[in-house]
Engineer: 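Attaching a single structure in structure tokens format; questions to follow.
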Amino acid sequence: MKKIVILGGGVGGTIVANQVARQMGKELRNHELEITVISDSVNHVYQPMFLYVAFDQVVPEEAQKPEREILDRHVKLHIGSADRVDRDAKAVIMEDGTKITYDYLVIATGSRPAPEAIDGLEQGGYIFYTEEGALKLREALHNFQGGRIVVTVGVPHKCPVAPLEFTFMVQEWAKARGLGDKTEVVYTYPIGRLHSLEPVANWATPVFEERGIESHIFFNPETVDASNKTITSLEGETLNYDLLVAIPPHTGQAVIGRSGLGDAGNWIATDRHSLRMQGTEDIFVLGDATNLPISKAGSTAHFEADVVASNLVNLLRGGLGSIRYDGKVFCFIETGLKNATYIQFDYTHPPKPQEPTEMIHMFKLAYNRMYWLTPAGVL
Amino acid sequence: MEDVKVIDARGSFCPGPLMELIKGIRQEPVGTTFEVWSSDAGSAKDIPEWVARAGHEIVANSEDDGIFKVQVKKLR
Ligand SMILES: Cc1cc2nc3c(=O)[nH]c(=O)nc-3n(C[C@H](O)[C@H](O)[C@H](O)COP(=O)(O)OP(=O)(O)OC[C@H]3O[C@@H](n4cnc5c(N)ncnc54)[C@H](O)[C@@H]3O)c2cc1C
């Protein structure tokens, strides 16, 4: 019997499991193949909802479902935290000592916001990239009476559009609460324009002017002084704030470090086309966990999952597993509380801007509710 | 020649070569030299601009068959 072990039951891992299961149902039923998903959480969490949790438009329960309900019933689910991958033994060793052996390992452990990487941030600022963080920010926004809101962005981070979306949304939110006159919104970005995607930056620049959003480019947050309410960049600029909302730098997961599979940031060196961990034939990596220079987004994990699943099926049927990933990424972008746009690109095709419309916004909202069809392998 | 850490950011539109360099600089020790590979002509300009602001050093900046290669040393 062949064994596929998928470490991580988020977007990427779940799609791979369900797609392989759908194509190899006979082998699974005949016990010629076993697929195991390892996840440290009983629930599958749809992270984009945290943005709306911060504004009290959605509660956390609406953003989760039991992973067991989403997985094909022939896929095994092992709940627990993985301690390390033992490549010599071809096994994942769990924290409780359980050993789960594999023929093929798929690593989809995602990434982690690391507020501790910025001195003082945990004391002086808020984040909305985790459930806990979004709930604390919800409280802070609820009590907000006006002032200077600074949105700051560290490198690297997942979901490259969320910082801009939050910035637009928080300004409209303040206006809607009658606090528009008493609120200043400030946005900082690490490089020399408002967004890494040039068309998005070009689109956002006049919108910032029109809406009176102050921006500071080449600003990489380095320290926060919680008592004086200031934030300083590594480029040497200091800003005052009343409410600080940070998208902190991210790292890969600790299990990658403990396994010796990653670089200093726990990112795994991954072949950009084959999605195998560099130097290996039996380990695939996808989603936020790779070191690839592409957006860390659910859509990236989804497109990569299609490639990984096809290659696994192909390999198990005696093929060479040579289907290639072309770097495809697709993202919706909320441009306020009523309009949205989208952007798409791959390694060889640059992104092209699209006019924001209410239709796209409605679709994004609908997708937030339909998301569950994605890991289930339907959408 | 001392060890150079290659950052292969060819075809990277988002986050893009400069953000990949910032990520590398954040996580590697002072003294490390990076070589960023980029297929975007803008990198030959915006990488040096950030490097000057952040207090690091441009070691080399060249083009090789449409690929821009910028070497940067982390100084602090
Ligand atoms: C606020 C916010 C808004 C976002 N908006 C968008 C958006 O609009 N569009 C978009 O495309 N993307 C968006 N994203 C990004 C998207 O959620 C991630 O990029 C995506 O989830 C990455 O998928 P993944 O499979 O790589 O990792 P994840 O989905 O994060 O899954 C990783 C899994 O690994 C498990 N795991 C990790 N370590 C261990 C261990 N040691 N043992 C066992 N299990 C482990 C975790 O529990 C988790 O289940 C957003 C993210 C946030 C936070």
Side-chain angles (χ1 to χ4, degrees), chain A residues 114 117-118 153-161 189-193 195-201 217-220 222 233-237 249-252 262-267 269 271-273 291-297 300 326-327 329 331 343-352, chain B residues 2-58 61 65-76:
Chain A
I118 297 175
V153 184
V155 175
H157 58 268
K158 65 183 157 189
C159 195
V161 297
Y189 204 64
I191 63 171
R193 55 178 184 243
H195 194 266
S196 57
L197 288 165
E198 211 166 346
V200 175
I217 52 172
F218 286 126
F219 190 104
N220 281 279
E222 193 166 51
S233 70
L234 72 80
E235 293 82 1
E237 195 177 356
H250 283 49
T251 65
D263 62 15
N266 292 340
W267 308 110
D271 183 280
R272 57 166 60 202
H273 292 298
N291 73 337
L292 295 175
I294 51 177
S295 312
K296 295 191 184 300
T300 309
D326 62 2
V329 177
C331 284
I343 204 129
Q344 186 176 329
F345 51 95
D346 60 39
Y347 291 139
T348 48
H349 299 90
K352 285 198 215 96
Chain B
E2 56 183 308
D3 264 359
V4 167
K5 268 201 183 319
V6 170
I7 297 176
D8 183 355
R10 289 171 299 161
S12 178
F13 298 106
C14 181
L18 175 52
M19 289 244 233
E20 287 297 312
L21 171 67
I22 296 172
K23 166 185 156 191
I25 284 197
R26 282 192 60 95
Q27 68 186 37
E28 299 296 337
V30 172
T32 307
T33 300
F34 301 87
E35 182 170 285
V36 186
W37 295 356
S38 169
S39 42
D40 171 24
S43 299
K45 211 176 111 278
D46 68 2
I47 291 180
E49 193 179 343
W50 178 76
V51 165
R53 285 170 187 254
H56 303 298
E57 185 193 344
I58 296 287
N61 193 342
D65 206 13
I67 301 302
F68 298 83
K69 295 187 173 174
V70 188
Q71 278 195 12
V72 178
K73 188 167 181 181
K74 175 169 173 168
L75 295 186
R76 61 186 195 99

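In what follows, chains are A, B, ... by sequence order, proteins preceding strands, each numbered from 1.
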Engineer: Should A/Ser295 and B/Phe13 count as side-chain neighbours, where that means a heavy-atom distance under 4.5 Å?
Structural biologist: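 A side-chain contact under 4.5 Å is absent here.
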
Engineer: For the interface with chain B, which of A/Leu292, A/Asp346, A/Thr348 has the highest count of heavy-atom pairs at distances below 4.5 Å?
Structural biologist: A/Asp346

Engineer: Between B/Gly16, B/Pro15, B/Ala54, B/Ser39, which residue shows the highest count of heavy-atom pairs closer than 4.5 Å to chain A?
Structural biologist: B/Pro15

Engineer: With a 4.5 Å cut-off on side-chain heavy atoms, are B/Val72 and B/Ile58 touching?
Structural biologist: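 They are in side-chain contact.
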
Engineer: Checking the side chain of B/Lys5 only, and the main-chain atoms of B/Thr32 only, is there a donor and an acceptor separated by less than 3.5 Å?
Structural biologist: no

Engineer: When the ring planes of A/His157 and A/Tyr189 are compared, do they come out parallel, tilted or perpendicular, using 30° and 60° as the limits?
Structural biologist: perpendicular

Engineer: Does the B/Arg26 side chain pair with the main chain of A/Pro156, one donor and one acceptor, at a distance under 3.5 Å?
Structural biologist: no

Engineer: Quick one: what part of B/Asp8 sits under 4.5 Å from any heavy atom of chain A, side chain, backbone, both or neither?
Structural biologist: both

Engineer: Answer yes or no: is there a side-chain heavy-atom contact under 4.5 Å between A/Ile343 and A/Leu197?
Structural biologist: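 Yes. Closest side-chain heavy atoms under 4.5 Å.
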
Engineer: Under a 4.5 Å heavy-atom cutoff, which of A/Pro160, A/Gly154, A/Pro190 has the most pairs with chain B?
Structural biologist: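 Among the listed options, the one with the most contacts to chain B is A/Pro190.
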
Engineer: Quick check for you: among A/Pro249, A/Ala297, A/Ser233, A/Gly192, which has the greatest number of heavy-atom pairs under 4.5 Å with chain B?
Structural biologist: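 Heavy-atom pair counts peak at A/Pro249.
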
Engineer: Report which part of B/Arg76 has an atom under 4.5 Å of a heavy atom belonging to chain A: side chain, backbone, both, or neither.
Structural biologist: side chain

Engineer: Side chain, backbone, both or neither: which part of A/His349 has a heavy atom under 4.5 Å from chain B?
Structural biologist: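 Backbone only.
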
